[in-house]
Amino acid sequence: MAREKPALEVPPYAAASAETVRWPDGDTVVDRLAVEEPLEIRIDGRPIAVTMRTPGHDEELALGFCLSEGIPVRTARLPDDLAANTVEVDADGFERGSLERLFYTSSSCGVCGKGALEAVAVEAPRVASELRVSTALLASLPDTLRAGQAAFEATGGLHATGLFAADGELLCLREDVGRHNAMDKAIGWAYSAGRLPLADCVLCVSGRLSFELVQKAAVAGCPILVAVGAPSSLAVELAQDRGITLCGFVRDGRVNVYSEPWRLQG
């Protein structure tokens with residue numbers, strides 16, 4: 001099966017330079033910043049979403065986004081008009097009239113402007129995977145993820161999602177200014193590599209756990225989701241409903257398990 005080693009150097013499209021004055025010394029220095037630009041996602045030549053993202057792996061982002069929204073996809077590619085910051089997604093049986101949501105996403109909060117839980121829910125079956133892993137392995141994943149975050153090391157401004165095999169091998173790492181984008185990129189990579197559903201994998205994220213990240217993991221069929229930070233109440237509720245083992249505050253050898261603890265072994 002496909003595997004990808006994380007890049008050791010920062011891609012030129014992921015970081016930019018800017019002069020900054022640092023106090024209290026008052027020195028002017030050149031700082032590295034995470035790049036943030038809009039990406040338009042199209043189906044049949046018409047936009048369905050705009051997301052603010054860090055450039056790179058845009059086709060994976062588009063695929064992961066569409067899959068997470070319940071849109072059946074085949075491929076993603078440059079548009080016929082070669083428009084900048086745009087990806088065209090080929091989707092079978094896509095009915096634009098079935099989209100009841102307004103897709104505008106931002107790097108900070110994901111899909112915004114949704115008034116009710118029903119407006120953001122995407123159908124996904126309960127995750128039936130019998131995968132079991134050790135707590136020691138889960139506790140080690142954030143450090144492995146952090147060691148591969150070249151763009152974060154340079155800028156301090158990107159989130160990351162890592163897709164891990166059951167033995168702890170890092171299969172794919174993606175960084176982005178938006179935590180939801182980083183996961184979409186990882187899921188898009190898994191789709192292209194023929195790895196969906198992720199029944200024998202673990203997803204690890206560098207920040208907190210929101211409802212949206214749990215939903216994306218559920219749609220991808222991933223049984224275990226790990227985070228360095230805290231989960232929200234709705235994230236825990238959804239994980240319990242979809243049969244996902246949700247782990248937060250995974251750091252310094254500790255793991256807080258909020259749902260389906262039977263998948264963890266001492």
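Here the structure is a predicted model, which means the values were calculated and not measured. Numbers for residues simply follow the sequence, beginning at 1.
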Atom CZ of Arg46: over 12 foreign heavy atoms under 6.0 Å
no
Any side-chain heavy-atom pair from [X] and [Y] closer than 4.5 angstrom?
X      : Y      : value
Cys204 : Leu170 : no
Gln215 : Arg242 : no
Leu39  : Thr86  : no
Arg32  : Ser17  : yes

So does Val21 get a backbone contact from the side chain of Thr28, meaning a donor-acceptor N/O pair under 3.5 Å?
no
Under 3.5 Å, side chain of Thr20 to main-chain N/O of Asp31, donor-acceptor pair present?
no
Going hydrophobic residue to hydrophobic residue with side-chain gaps under 4.5 angstrom, can you get from Ile43 over to Ile187?
yes
The residue among Lys216, Arg174, Arg179, Arg53 that forms side-chain hydrogen bond (donor to acceptor under 3.5 Å, both in side chains) with Asp184 is Lys216
So, taking the atom named CG in Leu203 and the one named OG1 in Thr161, what distance separates them when rounded to the nearest 0.5 Å?
7.0 Å
Thr51 and Asn181: side chain donor to acceptor below 3.5 Å:
yes
Lys/Arg N to Asp/Glu carboxylate O, Asp90 vs Arg42, below 4.0 Å:
no
Correct closest heavy-atom pair for Glu175 and Phe152 would be OE2-N, 2.9 Å
Trp262 and Arg132: which non-hydrogen atoms are nearest, and at how many Å?
CE3-NH2, 3.3 Å
